[in-house]
Amino acid sequence: MNNHFMTRAIQLSIENARSARGGPFGAVVARGTEIIAEGANEVTVRKDPTAHAEIIAIRTACETLHTFALRGCDLYASCEPCPMCLGAIHWARIARVFFASTAADATQNGFDDSAIYREIAKPVHQREIPMVQIMRDEALEAFHIWHATPNKTPY
């Protein structure tokens, strides 16, 4: 744990809130004593609902380190990560996550992820956004090819 990295994540969130470039969120990816990447929420500026601070920091860190796996890296977030960011954190193999404000704090300020958590827990056929499975057999071909490909890069 490094308070300097968290201070930077919080500073990014404050600067972003002041600039109105996006939501009041900041994140830092660090390895050892070095900041590898930073991110601030850019959802409204980029017109991209995935442009959360954590996602931007993870993408930048991966580009900087030329890898898709950030093993040995920690993520410092000004707020507890949302479900999307949590998924990205797992896929990126982040070692540890440190966060400042909580999901409850975010909810009190208009950023409520609780509906997403409830949706994830529901069976597919009970979700608010209709999800209809079609053409499964045809789609499985990609998995068969992937499985049979000897020179693939697993992740």
Side-chain angles (χ1 to χ4, degrees), residues 6 9-10 12-13 16-17 19-31 36-155:
M6 184 58 78
I10 293 169
L12 288 165
S13 72
N16 215 46
S19 73
R21 286 186 38 88
F25 304 98
V28 167
V29 173
R31 184 173 62 187
I36 304 298
E38 300 179 340
N41 183 289
E42 296 183 14
V43 168
T44 56
V45 169
R46 291 187 184 211
K47 313 254 183 300
D48 177 357
T50 69
H52 289 201
E54 297 92 333
I55 300 293
I56 290 171
I58 288 169
R59 286 176 180 161
T60 304
C62 288
E63 289 172 12
T64 300
L65 297 176
H66 307 288
T67 184
F68 57 83
L70 298 175
R71 290 179 177 88
C73 292
D74 295 328
L75 186 131
Y76 290 79
S78 64
C79 188
E80 185 176 351
C82 75
M84 176 184 67
C85 292
L86 185 58
I89 288 163
H90 280 274
W91 280 113
R93 312 301 196 266
I94 297 283
R96 298 178 297 181
V97 175
F98 300 94
F99 64 92
S101 58
T102 66
D105 296 326
T107 297
Q108 290 176 357
N109 287 280
F111 300 92
D112 189 1
D113 300 327
S114 61
I116 299 169
Y117 281 108
R118 286 192 304 272
E119 283 292 297
I120 290 169
K122 292 179 186 176
V124 174
H125 66 278
Q126 291 180 2
R127 293 185 180 158
E128 182 178 324
I129 297 172
M131 297 190 161
V132 181
Q133 183 181 23
I134 61 173
M135 299 182 68
R136 178 176 181 261
D137 291 338
E138 293 82 353
L140 287 175
E141 181 65 20
F143 289 119
H144 298 311
I145 293 168
W146 171 258
H147 184 71
T149 303
N151 60 344
K152 64 183 170 276
T153 303
Y155 61 96

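Remember, it's a predicted structure, so these values are computed and weren't measured experimentally.
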| query | Would you say Val97 and Pro81 make side-chain contact, with heavy atoms under 4.5 Å? | reply | yes

| note | Between Ala61 and Leu70 the two heavy atoms that sit nearest each other are CB-CD1, 3.9 Å

| request: Look up atom CD1 in Ile58 and atom CD1 in Ile36, then write down how far apart they are to the nearest 0.5 Å. | output: 13.5 Å

| query | Without hydrogens or angle criteria, can the side chains of Ser13 and Asn16 be said to hold a donor-acceptor pair below 3.5 Å? | reply | no

| query | Looking only at heavy atoms, which two atoms of Ala37 and Ala57 are closest? And how far apart? | reply | CB-O, 3.4 Å

| field | Gap separating the CD1 atom of Ile55 from the CG atom of Asp48, nearest 0.5 angstrom | value | 9.5 Å

| query | Are Pro24 and Phe111 close enough that some pair of their side-chain heavy atoms sits under 4.5 Å apart? | reply | yes

| Within a reach of under 6.0 Å around NE2 of His144, are more than 12 heavy atoms found that belong to other residues, nucleotides or ligands? | yes

| request: Output, in order, the C-alpha distance, side-chain angles, deciding distance and verdict of side-chain contact (heavy atoms from CB on, under 4.5 Å) for Phe68 and Thr153. | output: CA-CA 11 Å; Phe68 57 83; Thr153 303; 3.8 Å; yes

| Looking at SG of Cys79 and CZ of Phe99, how far apart are the two atoms once the value is rounded to the nearest 0.5 Å? | 8.5 Å

| query | Can you name the closest pair of heavy atoms from Ala100 and Ile10 and give their distance? | reply | CB-CD1, 4.0 Å

| Exam field: side chain Arg93 to backbone Trp91, donor-acceptor pair closer than 3.5 Å | yes

| query | Atom CG in Asn41, atom CZ in Arg21: separation rounded to 0.5 Å? | reply | 10.0 Å

| remark: For Ala77 and Glu54 the tightest heavy-atom approach is CB-OE2, 3.9 Å

| message | When you compare the side chain of Asn109 with that of Ser101, does any pair of heavy atoms fall below 4.5 Å? | response | no

| field | Trace of the side-chain contact (heavy atoms from CB on, under 4.5 Å) decision for Cys85 with Leu75 | value | CA-CA 11 Å; Cys85 292; Leu75 186 131; over 6 Å; no

| field | Atom CD of Glu128: over 12 foreign heavy atoms under 6.0 Å | value | no

| field | Minimal non-hydrogen separation, Ile120 against Pro83, with atom names | value | CD1-CB, 4.0 Å

| Spacing of CZ belonging to Arg31 relative to CG belonging to Asp74, to within rounding of 0.5 Å | 11.0 Å

| field | Any donor-acceptor N/O pair, Thr107 side chain to Asp113 backbone, under 3.5 Å | value | no

| field | Trp146 and Lys152: CA distance, side-chain angles, deciding distance, side-chain contact (heavy atoms from CB on, under 4.5 Å) verdict | value | CA-CA 7 Å; Trp146 171 258; Lys152 64 183 170 276; 3.3 Å; yes

| Flag, side chain of Arg127 to backbone of Glu119, donor-acceptor distance under 3.5 Å | yes

| query | Between NE2 of His52 and CZ of Arg59, what distance do you get to the nearest 0.5 Å? | reply | 10.5 Å

